[in-house]
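Scroll down for the structure; my scribbles are underneath it.
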Amino acid sequence: MKLHALLHFYRQRVRTHPAQELLAGAGIAIGVALVFAVVVANTSITTSASEIAHGIAGNARLQLDARSEHGFDAGLLRVVRSLPSVRQAAGIFEQRAILQGTRHTTSVALIGVDASIALLGGPLTQDFGSQREGLIFRDGLLVPSGLASAVGLTAGGPGEPRTTVLRLRGRADRVPVAAVIGSDVIGKLSGSLVVVGRRDYVNRLAALPDRLTRIFVVPRPGQDEQARRELEAMANGRLTVAPVGRESAILTLASAPNDQSTSLFAAISALVGLLLAFNAMLLTVPERRRAVAEFRTHGYTPRQVVLMAAFDALLLGTVASAAGLGVGFVLSRTAFHGLPTYLAFAFPFGVEQTVPVSTIALCFAGGVVATFLAGAQPLLDLRPDRAPDDVYREEGEPGQALNAALRRRMGLASLAMLALTTVVVSIKPAATILGVALLATSMLLALPALLDVVKHALERVARRRARLNMLIVAVMAVRAARVRAVALAATGAVAVFGSISIEGAKRDLVNGLHRSFVETVGIADLWVTTGGDDLTTENFIPGDTEARIRRVPGVQAVRPYYGGLLDIGDRRVWIVARERSDRQMLPAGQLDTGNARQAATALRRGGAVALSAQLAAATHVRVGDMLTIPTPTGDHRYRVVATLTNLGWGPGALIVNAADYRRDWNTDDPTAFEVDVRPGVSPAAAKPAVQSAIPPSVALQVQTAAERVARYDFLAGEGLHRLTQISLLLLISAAIALAAATIAAIWQRRAAFLDYRYQGYATRQLWSALLIESSIVLITGCALGAAAGLYGHLLLGRWLRLTTGFPAPFDLSLLASIGTFGIVVAATLLAIAPWSYRAVRTPPGRAELS
Amino acid sequence: MSDGLELREIVKHYRGGEVVRAVDGVSLGIEPGELVALYGPSGSGKTTLLSIAGAFLAPDAGTVRFAGRDVTAFSASERALYQRRDVGLVQQSYHLSAGSTAIDNVAVKLLADRVPLAEARHRVIPWLERVGLGERLRYTPDRLSGGEGQRVALARALVNEPRLVLADEPTAHLDRRRSRDMLALLAKIAHERSVAILVVTHDPEAAAVADRTHTLSDGRLTSGVPRDLLAVPEGAATLGGAQP
């Protein structure tokens, strides 16, 4: 067939059914946009982290890592350089710090380097040995331009540098900014959250002189393995030797639960988008089946008909996918662009976006293929056993038939698929996406049979009640066009299903995290910390702060709390260390296996550990086994007394006794003070007195437990922001699609309404019949969607708990589900009410009256 | 004052590129028990006149009275009541609800008038039997022939026992025998039940059963049958029934 002929036919179809074409395109575009935005946002985080690692490490292939932020003696660098297999080595000193500008405060990676770092040739530091030498040999920080503009630096006077406030290890210092480095020097890294200074200057700021936390090593050619062995021998089990790319691997693992959740939810959104497109196409199926019949009776070959359908799909898919990519790009730069703060305090990464060509190509191709699949149904009429005009011999309006046998078969297939869903997900939780797809398909297959049941029931109720006559008329209309009714009900079902399952799982996660925070933080009335957005992992020099707080009237007890991050395998694990005198040693509500009371007793006794179930699985230990923890003083064995959820930290958490921590981590620097107030004293009232007892030179912040929980809730909410947005976008787009599809279907039926008016139906009667008809279809579809959505919620929640390890206890939340159901139905009915009123009032056309 | 239908000086013009005088000062009265056949070429305004009589369309000028009441002055609800209770409309292109039985398709008319479905179904059956569909009561439209569908539409127009029947080409889809039967049925109903019936048609058979015939041409009404219908095929009804 010639291209102009294909274009002609397509133009004709679009002219006849522009609304349906638009709907189908919108469905595809929504799916493509969500998947694209999520993939770009996720990829950008890990890619920028890798770029930063490479930006500093350059040609280094091995690294020697400290096991705590206190680092190791800088003299070790000389020893490393003297190893026979080492060609070059450079050390850095890393600390988590808080940069407080005029506009914003943010957590950053503070890295101290010296001129030798330039020898590694990393893009971020390669110039430090030459033209920037002067800069780094001054006191002050090098701040990437993106970060500088985000936080806002204080302008310096003439001849004075700009300054910023740096909060580090419980001290707040106003520090000069030696230079703001733009993309002309460090490219994309200008958007990274990394601040660089001279190493001894950063050592001084941290009050940890002559310390390093990492040494990058360039082995001599061909001697990587030997270098590793020499480094390991030197490390003597107190430092970790690893390949340079490890940081990226650790970040990938840390962000995996969030990425997995987001990706799963995006995949479900894509599935919903595909189903919306499929349903929109279903509305055009009768017309397109009739067109297929017309073409065939006019002598067109099946091949030509397939070519036309493929051409239609290609055009629609191309336009819709392109629109989806555009919207997705905007989403990834706006709504999905927020930095997950919960990761920022453990990893240095940037804000620059990376859009791989392969992602664009995959999303685009996926959109086109989805369009073809959604529009392929009329091609079933090309089967050899069907006469070209069979569609005209079916019951009811041509192409609107779904015969009883088919409806029965679909019902049975639905039940079988529901059973299959349960089996698949029970056996293999990782196959949840497949399970959810099966569930959605099962739901759609059940619709024709369910509509039959509803119609019979309503007719039974109404047949002896004259005031319910419009219900009878509505039921007759539903029966007259089954395909249309199923398509509209399915659109509602899909919208509610997607929204309830995603929103439900997200709510479980939010509630689970909140409970976890309450249990973790609720062990004290007041918390004294560095104030960073962290997991209470930034240590500080205690001085006499503890004694001062103890003397505050109303304070009953003060306990040091210790926290930190430790790399175990490829996991950056959250360490929590509690004093024996703590009210509770472990959050009992987060228990996975073990006995809470026995575990607490064992933890108080010492030498015991409670750890996240995911971490236990990764390290192949169970309750009662011994776990080897690589601490700064060497590998130590702890008895596993309980397994827990991940306490909200993706890579997992580990709880030990504070005395064990002080000994094995070789530090007395706490990361917080837990303060209990006397009975009758409110924490909020005691807070100012405790704050004023802290010397002004110490940058510590006092928060009530409630404030700290609220802050954690906020950070968790920020981390889960994308899920909220996906769920909201899905609901809005689905409600719009549903309203538009219903309006389009109503508008097509104006001639039928006119006939009712000829029978003496008043406008009001006809309008109410139409609204009842729409309600029957919408409520049936949405109710089925809600029921399937609750099951979907259960599956997703289970997946979150088992696969990601997050605390996400299932909460039915019927009220919220009913709310979603009600919103979709009410919004759609409100949208269609004026249109249906106009449709039933359409006057007879002139042609009918001549 | 007549108890039947009274159209006085009805005018209806359509304004587009040029003004089409569909109905131009037409007066026509139909008494209860009288069947009037209205002929005219396509586009002559027959359906417009019928629609005005049924209050489905408002005239530009003139009045429509039925049983002494001014239909053109009716409110929307009075109009719907008039169409529901007093008028039975048979259309050339009838619309039957797919998937519903013949009984339910006829019952639709009664549902508008608050008759419960169960009762409506009882009342429908004699009318379907009367139009010869006693054996097809539970057939859905896809199982009925075009003629059978037309008869379902006729039963639907009659089931509320209207005092005015407006039929637009009711025999268009029927063979000659069925046409004759249907027209005979309409005539019988008109006479037995004192129903005023206006039949818009091209069918020469209608003239045979009609009490009066008129022709509408260029919006003007004349009595009698158009000349081209005089040359009816052999065997067709004579025009003896046609009155000047």
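What you see is a predicted model; the values in this text were computed from it and never measured. Labels below follow one simple rule: chain letters A, B, ... track the order of the sequence lines, proteins then strands, and each chain is numbered from 1.
- A distance of 11.5 Å separates CG of L166(B) from OH of Y758(A), quoted to the nearest 0.5 Å.
- The interface of residues 118-128 of chain B with chain A, defined by heavy-atom distances below 4.5 Å, comprises A118(B), R121(B).
- Heavy atoms closer than 4.5 Å to chain A are found in both the backbone and the side chain of V108(B).
- By the neighbour-count criterion of 12 heavy atoms within 6.0 Å, atom CZ of R460(A) is sparsely surrounded, having that number or fewer from other residues, nucleotides or ligands.
- Two residues are said to be in side-chain contact when any heavy atoms from C-beta on lie closer than 4.5 Å; L117(B) and E459(A) meet this criterion.
- When all heavy atoms of A466(A) and R114(B) are compared, the closest pair comes out as CB-O, 3.0 Å.
- With Q759(A) as the fixed residue, the side-chain contact (heavy atoms from CB on, under 4.5 Å) test singles out one of R156(B), R84(B), Q83(B): R156(B).
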When you look at S97(B) and R479(A), which way does the side chain to side chain contact (heavy atoms under 4.5 Å, CB included) test go after all the steps?
CA-CA 8 Å; S97(B) 184; R479(A) 194 180 288 138; over 6 Å; no
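- Interatomic distance, K109(B) NZ to Y761(A) OH, rounded to the nearest 0.5 Å: 9.0 Å.
- For the pair M476(A) and D104(B), the tightest heavy-atom approach, listed with the atom from each and the gap, is CE-O, 3.5 Å.
- For D755(A) against Q91(B), the heavy-atom pair with the smallest separation is OD1-OE1, 2.8 Å.
- A 6.0 Å sphere centred on CG of D218(B) holds no more than 12 heavy atoms belonging to other residues, nucleotides or ligands.
- In this structure, N469(A) contributes its side chain and V115(B) its backbone to a donor-acceptor pair below 3.5 Å.
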